[in-house]
Protein chains: 2
Amino acid sequence: MTTTTGSTAPEESSDELPAGLGDDFGWLLARAVRAYLGAAADVTEDLPGGLRGHQLLRAVARGCPATQLALASALGFDRTVVTYLVDDLEKAGLVERLLDPADRRVRQVSATAAGRKRLAALDRRLAKVQEQVLAGLSTEEVDGLTAALRAIACTATRAAQPDDAC
Amino acid sequence: MTTTTGSTAPEESSDELPAGLGDDFGWLLARAVRAYLGAAADVTEDLPGGLRGHQLLRAVARGCPATQLALASALGFDRTVVTYLVDDLEKAGLVERLLDPADRRVRQVSATAAGRKRLAALDRRLAKVQEQVLAGLSTEEVDGLTAALRAIACTATRAAQPDDAC
DNA sequence: TATTGTTATACTCTATAACTATA
DNA sequence: TATAGTTATAGAGTATAACAATA
């Protein structure tokens, strides 16, 4: 576990970055998020809830946790945020709340046909955004990045909620 | 450039993640940032400006761009944010504004002795946070991740400002 | 007129707490 | 009493625009 600098790849990157920031993990992460957010801005601008709306729609379309509380914990959102997101996505006709006959407190959220169609279009456009943001990386770097991010997400998800996740 | 799933590392990660999110680059990034932010929260809670304060302090301590506008562009912050950050860090005695005799409009920001000392302590604690967040990763994965993030940051920085960066 | 920096304002996101309804 | 969901409110973070000082 190297804490600061990577040992295998010094390459030409560092001299392009502002001094002192190339080895600041937090800044690098934040910068990457900003880059992605910026590039994805016009893809999701007309989608209720923006990128988070897309993420919720995606989770729901895979037929996953379904109840709003389960969605909140799976996605890592606050449960009130889920209410707002589902509100807006429902108004747009992309998801619907189904009453659970077994427990009338819970709402099963599911994607509508329109929601699935919209999701497919979004995924297509966001794949392009991803390509654009990762344009400077080799195929191996992209694979490594994705694997590493998944591992981080796993650790974080497991820490937040011992069981489940679909 | 693989747009969706990584081809080399299927491993055990994916079944731990909520369905439909393991291959959502935006969600993975956001999740990683949340994990880091959460883990770093109590390290930076008493630092003016939080993590951004640390980043500005770090950039300044390396004797880098110096003027507030240059800092804003290097860090990717809004210039008004830099004003607030420098205000707060200056009140805390960690940085100081020096008048430039050559151009009396600009302020050269530099770290004080106390600022450098504080930065060293922060860096030490944040290295531990980083270790904690990256606990699930192998050394190779950490190196790969850092290299990939640097490449993304480079692309983003270059897009935002053709020249400079120290 | 253009640039650096500041201030005031507003807006978006997110979290907190209080509430309803079910169990 | 505890849980799912909603609503209201407030807070942090951020951006916009107007401003002062200097070039």
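Note that these values count all heavy atoms, side chains included, but never hydrogens, waters or copies made by symmetry. Naming convention: chains lettered A, B, ... in sequence-line order (proteins, then strands); numbering from 1 in each chain.
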Find the distance [X]:[atom1] to [N]:[atom2] and express it as a whole number of Å.
{"X": "A:Leu75", "N": "C:dT14", "atom1": "CG", "atom2": "C1'", "result": "15 Å"}
{"X": "B:Leu56", "N": "C:dG5", "atom1": "CG", "atom2": "P", "result": "12 Å"}
{"X": "A:Gln68", "N": "C:dT22", "atom1": "CD", "atom2": "P", "result": "15 Å"}
{"X": "B:Leu37", "N": "C:dA15", "atom1": "CG", "atom2": "P", "result": "11 Å"}
{"X": "B:Arg34", "N": "C:dA15", "atom1": "CZ", "atom2": "P", "result": "8 Å"}

So which heavy atom on [X] is nearest to which on [Y], and how close?
{"X": "A:Gly115", "Y": "A:Leu57", "answer": "O-CD2, 3.7 Å"}
{"X": "B:Gly22", "Y": "B:Leu17", "answer": "CA-CD1, 3.7 Å"}
{"X": "A:Ala148", "Y": "B:Leu137", "answer": "CB-CD2, 3.6 Å"}

**Asked** Taking side chain as C-beta onward, heavy atoms only, is A:Thr67 less than 4.5 Å from A:Val109?
**Response**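 Result no, sub-4.5 Å side-chain heavy-atom pair not found.
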
**Side chain proximity check, A:Asp23 to B:Thr146, heavy atoms < 4.5 angstrom** = no

Counting only heavy atoms and a strict 4.0 angstrom limit, can you tell me which residues of [range] come near DNA chain C?
{"range": "residues 38-48 of chain A", "result": "none"}
{"range": "residues 92-107 of chain A", "result": "A:Asp103, A:Arg104, A:Arg105"}
{"range": "residues 79-89 of chain A", "result": "A:Arg79, A:Thr80, A:Tyr84"}

**Asked** With sequence neighbours left out, which residue pairs that include part of residues 34-57 of chain A fulfil the ring pair (Phe, Tyr, Trp, His ring centres under 6.0 Å) condition?
**Response** A:Tyr36-B:Phe25

**Request:** Please lay out, stage by stage, how A:Arg31 and A:Asp24 fare under the test salt bridge (Lys or Arg N to Asp or Glu O under 4.0 Å).
**Result:** CA-CA 11 Å; A:Arg31 199 73 169 97; A:Asp24 184 329; over 6 Å; no

**Asked** Would you say B:Trp27's side chain and A:Leu51's backbone share a donor-acceptor pair under 3.5 angstrom?
**Response**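 Checked: no pair found.
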
**Prompt:** Any sub-3.5 Å donor-acceptor pair from B:Glu141's side-chain atoms to B:Ser138's backbone N or O?
**Reply:**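 At least one qualifying donor-acceptor pair exists.
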
**Asked** Should A:Asp46 and A:Arg118 be marked as a salt bridge (Lys or Arg N to Asp or Glu O under 4.0 Å) after you check the CA-CA gap, both sets of side-chain angles, and the distance that decides it?
**Response** CA-CA 11 Å; A:Asp46 54 340; A:Arg118 180 69 171 272; 3.8 Å; yes

**Request:** Give the intermediate values and the outcome of salt bridge (Lys or Arg N to Asp or Glu O under 4.0 Å) for residues B:Arg97 and B:Asp87.
**Result:** CA-CA 9 Å; B:Arg97 287 178 165 100; B:Asp87 277 354; 2.9 Å; yes

**Request:** Start with the C-alpha distance between B:Leu71 and B:Val60, add both sets of side-chain angles, then the distance that settles side-chain contact (heavy atoms from CB on, under 4.5 Å), and finish with yes or no.
**Result:** CA-CA 8 Å; B:Leu71 280 171; B:Val60 156; 3.8 Å; yes

**Asked** What does the inter-axis angle of the helix from C:dT1-D:dA23 to C:dA23-D:dT1 come out as, five pairs per end, nearest 10 degrees?
**Response** 10°

**Prompt:** Same cluster or not: are A:Leu122 and B:Leu29 linked, directly or through other Ile, Leu, Val, Met, Phe, Trp or Tyr residues, by side-chain heavy atoms under 4.5 angstrom apart?
**Reply:** yes

**Prompt:** Under the side-chain contact (heavy atoms from CB on, under 4.5 Å) criterion, do B:Arg58 and B:Arg62 qualify, and how do the steps go?
**Reply:** CA-CA 7 Å; B:Arg58 199 167 215 238; B:Arg62 307 297 169 104; 3.7 Å; yes

**Prompt:** Would A:Asp100 and A:Arg105 satisfy salt bridge (Lys or Arg N to Asp or Glu O under 4.0 Å), going step by step from the backbone distance to the final call?
**Reply:** CA-CA 8 Å; A:Asp100 185 338; A:Arg105 289 174 304 179; over 6 Å; no

**Message:** Can you give me the first and the last nucleotide of DNA chain D (5' to 3') that has an atom within less than 4.0 angstrom of a non-hydrogen atom in chain B?
**Reply:**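 On DNA chain D, the outermost contacted nucleotides are D:dT14 to D:dA23.
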
